[in-house]
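Just so you know, these numbers come straight off a predicted model, no measurement behind them.
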Amino acid sequence: MSAFSYDSLNTLFPYLFALFLGIVVYGIASLLPKHLNKVFIGLMLFIVTFYFCAQLCVSSLFTFFIDLGTIGLANQIPAFMGEAISLIIENLVNIIIFFVPLIIYCLKIREFEIGFIFSKKVDTLLCVFIIFLCFIAPREELATETSIKNFGIIFTSVNDLKAREEVEFVAEEVEEEVIEEVVVEEKKEILPHILNIDFEAAQSNNKTIQKLNDYFSKLSPTTTNEYTGIFEGKNLILILGESFNSLGIREDLTPTLYKMMNEGFEFTNYFSPSYNSTVGGEFQLLNSAFAKSDILGIWKSGNNGFPFSIANNFKDLGYSLYAYHDNAYDYMDRNKYLKGYGFDNYQGCWNGLEKKMHCGGWPESDEDMMIGTTNDWINEEKFLTYYVTVSGHGPYTLDRNRSDMGIKYYDYVKSLGYTYNNKILCYLSSMVELDKAMEHLITSLEEAGKLEDTVICLVGDHYPYFLDEIDYGELYYSGYDMKIDACRNNLLIYNVGTEKISSNKACATMDVIPTLYNLFNISYDSRLFGGRDIFSKQEGLVIFGDGSWVSDGGRYYAGGRFVPNEGVELSDDYFDRQNKRATTRMALTSEIFTTNYYEYISNFIN
């Protein structure tokens with residue numbers, strides 16, 4: 001049990017911790033030479049103030065806070081430098097307030113006397129004791145946003161530096177309280193989605209690896225169902241759509257996306273959890289795992305093995321692989337981790353794609369990318385093509401110096417009678433661009449005679465976070481739920497020859513790859529992934545960045561509030577079981593990626 005909980009000092013704790021930190025800083029300063037102690041305090045004031053201002057600006061743009069793990073992803077910062085001035089202006093009043101103590105200190109620095117609080121010996125012992133208390137206390141296993149809101153920014157940052165408190169993994173079984181629509185045909189044999197892993201031979205002296213072995217070996221796998229293999233042998237175009245959200249799908253505005261949504265698969269309880277921007281969404285998609293920021297740096301280095309990746313699985317079946325991104329090819333080291341997944345011929349702007357489309361605007365055109373690349377793969381016998389789009393990226397503005405897409409179809413959107421504010425209209429303009437890209441894909445496939453043999457899967461990376469609560473209030477209603485419902489979305493799985501299939505299970509980005517594996521009849525081990533085949537009998541679970549979650553039985557808001565769904569009877573221990581499932585899946589990511597577990601366990605498959 002952690003030493004710090006919501007029930008203990010929840011209100012006073014941030015202030016007490018700040019007081020302790022102040023004592024430590026002052027105590028250290030008192031031990032320094034006179035000409036250094038004032039500089040030290042001024043420097044600490046500046047660092048803390050700058051950090052608070054950075055958190056303020058980031059949270060106002062992305063609606064989540066950054067932690068020390070996210071700072072390791074700093075090479076994404078240049079892409080948002082154009083927004084920095086706007087963010088500073090928008091938050092100027094609070095930024096000035098944050099800087100007041102530093103300004104006063106600088107003006108009065110000569111009047112400050114840095115002396116011992118008690119005595120040199122006592123001050124030293126006091127500082128050491130407080131630092132000792134901070135780092136021996138068990139690490140509070142909370143998502144960054146929840147921790148900051150309950151315990152403050154400083155405590156959360158110190159907490160990030162400490163070793164994690166070990167989380168008990170709770171093995172999941174097929175639950176009886178599943179809201180299940182799928183009826184398996186009696187004539188079909190039901191088989192588990194597992195690989196023949198010899199967990200006995202895989203025993204390791206590494207405690208974490210052995211802990212994972214023990215957990216996965218006891219986990220209940222998903223099984224085949226009536227949709228297993230319905231796409232077997234078909235081609236796949238997998239698209240990660242920048243800020244793609246169903247709020248941008250309108251029959252008159254985006255007819256191709258509307259057709260794909262209404263004639264393809266329908267997932268009425270699907271979410272695109274927003275955490276760590278696009279890189280978090282892509283991580284959840286490609287790894288079927290929760291995007292913990294402390295391991296994103298490890299992941300994007302490309303040094304981990306990904307033997308179970310969608311690229312490697314399709315490559316083993318003889319598919320030709322292609323991958324594209326219509327922005328800088330090495331942004332967030334995408335060139336490194338996509339190669340690690342098996343996409344050997346990935347192209348982005350400045351490593352080949354600029355020869356096929358115009359690169360250099362912001363954001364670049366998704367339609368141009370499709371037009372420039374379709375001929376690369378369309379004549380292959382079997383292909384898997386992966387696209388990461390960018391046209392939907394914010395800001396949503398008519399300022400051409402900040403965005404090319406906001407104004408591109410702005411007049412067209414208005415001509416259809418839409419009267420939202422300009423920010424929303426500019427977002428819809430960017431969705432028209434994505435619709436044009438989809439239209440080109442479908443037309444090209446049809447002309448090549450490949451449309452019936454190709455599945456198109458479009459996945460949103462996150463909700464359009466450049467739209468704020470006011471915009472969502474205009475789109476829906478005042479007080480719209482920005483924590484969970486803003487992430488509600490549609491997963492588009494479209495094949496012209498397949499009848500419409502619907503599911504009401506709670507599902508999200510993590511579930512996409514296991515679902516595709518089932519539909520394409522790909523051999524995989526369902527126990528190893530954080531997501532689940534949406535058509536399986538296991539209950540749905542969607543996990544958000546702050547630790548909130550949605551299941552088939554209800555929704556939990558991190559901080560203590562569980563809201564059951566209307567008309568659903570739940571057992572007394574339902575919340576505890578689902579919360580343990582969520583906690584386990586969140587913790588698994590760090591254990592898997594810090595040990596390179598997938599590469600390790602792949603050596604014990606018979």
Do [X] and [Y] have side-chain N/O donor and acceptor atoms under 3.5 Å apart?
| X | Y | value |
| --- | --- | --- |
| Tyr465 | Ser277 | yes |
| Asn287 | Tyr341 | yes |
| Thr254 | Asp435 | no |
| Asp533 | Tyr524 | no |
| Tyr270 | Ser246 | no |
| Gln284 | Thr509 | no |

Are any of the side-chain heavy atoms of [X] and [Y] separated by less than 4.5 Å?
| X | Y | result |
| --- | --- | --- |
| Tyr346 | Leu321 | no |
| Glu282 | Leu338 | yes |
| Thr278 | Arg334 | yes |
| Arg488 | Asn269 | yes |

Phe244 backbone acceptor or donor facing Asn489 side chain under 3.5 Å: yes
When you measure from the side chain of Asn490 to the backbone of Thr268, do you find a donor-acceptor pair of N or O atoms at a distance under 3.5 Å? no
With under 30° as parallel and over 60° as perpendicular, where do the rings of [X] and [Y] fit, or are they tilted in between?
| X | Y | value |
| --- | --- | --- |
| Tyr472 | Tyr463 | perpendicular |
| Phe544 | Phe271 | perpendicular |
| Tyr387 | Trp377 | perpendicular |

Please evaluate residues Tyr396 and Asn421 with respect to the criterion side-chain hydrogen bond (donor to acceptor under 3.5 Å, both in side chains), reporting the C-alpha separation (whole Å), side-chain torsions for both, the decisive distance (0.1 Å), and the verdict. CA-CA 11 Å; Tyr396 308 123; Asn421 69 55; over 6 Å; no
Hey, is CD1 on Ile470 packed in by over 12 heavy atoms from elsewhere, all under 6.0 Å? no
Set of residues satisfying side-chain contact (heavy atoms from CB on, under 4.5 Å) with respect to Asn379, sequence neighbours excluded: none
Would you give the length of the straight line joining atom CD1 of Ile239 to atom CE of Met370, rounded to the nearest 0.5 angstrom? 4.5 Å
Which pairs pass salt bridge (charged side-chain N to carboxylate O under 4.0 Å, His left out) with one or both residues in residues 337-358, sequence neighbours excluded? Lys315-Asp344, Lys356-Asp376
If the condition is ring pair (Phe, Tyr, Trp, His ring centres under 6.0 Å), which residues does Phe231 pass it with, not counting sequence neighbours? Phe265, Phe520
